[in-house]
Amino acid sequence: MLKKIKLKNAVGTALAHDITEIRPGEFKGPAFHKGHTVCNEDLCHLQKLGKNNLYLIDLEEDEIHENQAAAILANALAGEGIAWKDEPHEGKISLLAATDGLFKVDTTALAAFNMVDEVMCATLHNHTLVKKGEKVAATRAIPLVMKRVAIERAAAIARQNGAVLAVKTLRPAKVGLVVTGNEVFHGLIEDRFAPVLSEKVTALGSKVDGIAFAPDDEKLISQAIGNHLNRGCDLIMLSGGMSVDPDDVTRKGIRMAGATEMNYGTAVLPGAMFLAAYIGEIPLLGIPACSLYHRITVLELVLPR
């Protein structure tokens, strides 16, 4: 329950919520924090903020303050790899990455959470690469005072199938590279793929264990894949031969090596001719030539995952 009092009678009163100040281009934030005791010196400042009245809160048994509600919501949303502090401002709490890794969002649970009246959570996109300390989400209770039942319902939805938000640490993969193409194999042109792919691999905390070169020959490509598997590589990346020319036989070599699941083509540009396949549980990624010319392609979407 809210009780309105005139500003001139508010000296000695503890504020029930943060009071926001906005100075365009300079500052947006709390000019006065919840719990601040109003003194005579504050009255002019409060009037400039448009406050002619202040409000006291007398919570009913079934009601909850926005800051307490925000802490309950944050605790329910946060899973593995998510950090937050019980220091709400204006009913809002930010959630941070507790480690480097891949940010994961249960989008179905998040949608259900956001359908509950008077609560919200906004996040980065699912599968975003994040660094420790980076803000990945924020949640808040929208009204100053709300019914406990709504908060409890939202928290229950968030916990129903495990946490909604998580940051998964990337595994250190042992990567084998296969660079295909007659022109590179026979030394007619200098290979540029291996350095590019090696840089992408090491940037994610993994290592390139070996680099093999193969001509446009499906048997030799298959053999190069097999050699990497025998060395214990648990991720294989192949460059070249992903186009539709008759002599582009990398896909045939992948299938000959024992791939039982192959997915060729993506709805992503650059990278429409990307390939993903598996031999057992070992993923194989076929990289089209666009990765030589564009800093970000479909590979940046798939490789971290």
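Within a 6.0 Å sphere centred on CZ of Arg153, other residues, nucleotides and ligands contribute 12 heavy atoms or fewer. When the shell of 6.0 Å around CZ of Arg255 is examined, it contains 12 or fewer heavy atoms from other residues, nucleotides or ligands. When the shell of 6.0 Å around NZ of Lys168 is examined, it contains 12 or fewer heavy atoms from other residues, nucleotides or ligands. Around NE2 of His186, the count of heavy atoms belonging to other residues, nucleotides or ligands within 6.0 Å exceeds 12.
Rounding to the nearest 0.5 Å places CG of Asp100 at 8.5 Å from NZ of Lys132. Here Leu129 contributes atom CG and Arg305 contributes atom CZ; the two are 9.5 Å apart, rounded to the nearest 0.5 Å. Separating the CE atom in Met242 from the CZ atom in Arg251 is a distance of 7.5 Å, to the nearest 0.5 Å. Distance check, rounded to the nearest 0.5 Å: CD1 of Ile221 to OG1 of Thr180 gives 5.0 Å. Expressed to the nearest 0.5 Å, how far CG of Leu144 lies from CD of Glu118 amounts to 11.0 Å. Between the OH atom of Tyr264 and the CD1 atom of Ile254 there is a distance of 10.5 Å, given to the nearest 0.5 Å.
Hydrophobic clustering (side-chain heavy atoms under 4.5 Å, transitive across Ile, Leu, Val, Met, Phe, Trp, Tyr) groups Leu229 together with Leu275. Ile189 and Phe185 fall within the same hydrophobic cluster, defined by Ile, Leu, Val, Met, Phe, Trp and Tyr side-chain heavy atoms under 4.5 Å apart, directly or through other members. Under a hydrophobic-cluster definition in which Ile, Leu, Val, Met, Phe, Trp and Tyr are linked whenever side-chain heavy atoms come within less than 4.5 Å, directly or via other members, Trp84 and Leu77 are assigned to the same cluster. In the hydrophobic clustering of ILVMFWY residues, with side-chain heavy atoms under 4.5 Å counting as a link, Leu204 and Val175 come out together. With hydrophobic clusters built from ILVMFWY side chains whose heavy atoms lie under 4.5 angstrom apart, Leu96 does not share a cluster with Met120.
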| Test log, rule side chain to side chain contact (heavy atoms under 4.5 Å, CB included), inputs Leu46 and Val38 | CA-CA 10 Å; Leu46 287 165; Val38 179; 4.2 Å; yes

| Worked verdict on Met273 versus Thr266 for side chain to side chain contact (heavy atoms under 4.5 Å, CB included) | CA-CA 7 Å; Met273 293 181 177; Thr266 67; over 6 Å; no

| task | In sequence, state the C-alpha distance, the side-chain angles, and the governing distance for Val164 and Cys121, and then conclude on side chain to side chain contact (heavy atoms under 4.5 Å, CB included). | result | CA-CA 10 Å; Val164 177; Cys121 177; over 6 Å; no

| said: Evaluate Arg192 against Glu190 for salt bridge (charged side-chain N to carboxylate O under 4.0 Å, His left out), listing each step before the verdict. | reply: CA-CA 6 Å; Arg192 294 171 52 206; Glu190 181 182 359; over 6 Å; no

| When you look at Thr139 and Lys92, which way does the side chain to side chain contact (heavy atoms under 4.5 Å, CB included) test go after all the steps? | CA-CA 6 Å; Thr139 186; Lys92 180 175 72 175; over 6 Å; no

| What's the verdict on ring-ring contact (aromatic ring centres under 6.0 Å, His included) for His45 and Phe32, showing C-alpha distance, side-chain angles and the deciding distance? | CA-CA 10 Å; His45 193 175; Phe32 299 93; 5.1 Å; yes

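Here the shortest heavy-atom pairing between Leu73 and Ala154 reads CD2-CB, 3.9 Å. The shortest non-hydrogen separation linking Ala97 to Val167 is CB-CG2, 4.0 Å. Closest approach of Phe103 to Leu124, counting heavy atoms only: CE2-O, 3.4 Å. Nearest approach of Leu7 to Lys51, heavy atoms of both residues: CD2-O, 3.0 Å. In terms of heavy atoms, Ile225 sits closest to Gly253 at CD1-O, 4.1 Å. Nearest heavy atom pair, residue Ala155 against residue Ile72, reads CB-CG2, 4.1 Å.
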Side chains of residues 278-303: which donor-acceptor pairs under 3.5 Å do they make with residues two or more places apart or in other chains?
| unit_1 | atom_1 | unit_2 | atom_2 | d |
| --- | --- | --- | --- | --- |
| Ser291 | OG | Thr297 | OG1 | 3.4 |
| Thr297 | OG1 | Leu299 | N | 3.1 |
| Thr297 | OG1 | Glu300 | OE1 | 3.4 |
| Glu300 | OE1 | Thr297 | N | 2.8 |
| Glu300 | OE2 | Lys200 | NZ | 2.7 |

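Side-chain contact between Met146 and Asp117: absent, with no pair of heavy atoms (C-beta onward) separated by less than 4.5 Å. Val105 is listed as a side-chain neighbour of Leu165, based on a closest heavy-atom distance under 4.5 Å. Leu110 is not listed as a side-chain neighbour of Asp106, based on a closest heavy-atom distance of 4.5 Å or more. Between Thr13 and Ile5 there is a side-chain heavy-atom pair separated by less than 4.5 Å. Counting heavy atoms from C-beta outward, Pro30 and Ile19 have side chains that stay 4.5 Å or more apart. Residues Pro215 and Leu220 meet the side-chain proximity criterion, which asks for heavy atoms closer than 4.5 Å. Taking 4.5 Å as the limit, every side-chain heavy atom of Ile64 sits out of range of all side-chain heavy atoms of Lys147.
Within the 3.5 Å criterion, the main-chain N or O of Lys131 finds a donor-acceptor partner in the side chain of Glu134. Looking only at distances, no side-chain donor or acceptor of Asp191 sits under 3.5 Å from a matching main-chain atom of Val184. A side-chain donor-acceptor contact under 3.5 Å links Thr250 to the backbone of Gly240. Panel note: side chain Arg148, backbone Glu63; a donor-acceptor pair is recorded below 3.5 Å. Looking only at distances, no side-chain donor or acceptor of Asn53 sits under 3.5 Å from a matching main-chain atom of Lys4. Judged by distance alone, with hydrogens and angles left aside, the side-chain atoms of Thr202 form a donor-acceptor pair with the main-chain N or O of Ser198 at under 3.5 Å. Looking only at distances, a side-chain donor or acceptor of His228 sits under 3.5 Å from a matching main-chain atom of Leu177. Although no hydrogens or angles enter the test, the distance criterion places no donor-acceptor pair under 3.5 Å between the side chain of Asn75 and the main chain of Ala71.
A salt bridge is defined here as a Lys NZ or Arg NE, NH1 or NH2 lying under 4.0 Å from an Asp or Glu carboxylate O, and Lys174 with Asp234 fails to meet this definition.
When only modelled atom types and interatomic distance are considered, Asp18 and His36 share no side-chain donor-acceptor pair under 3.5 Å.
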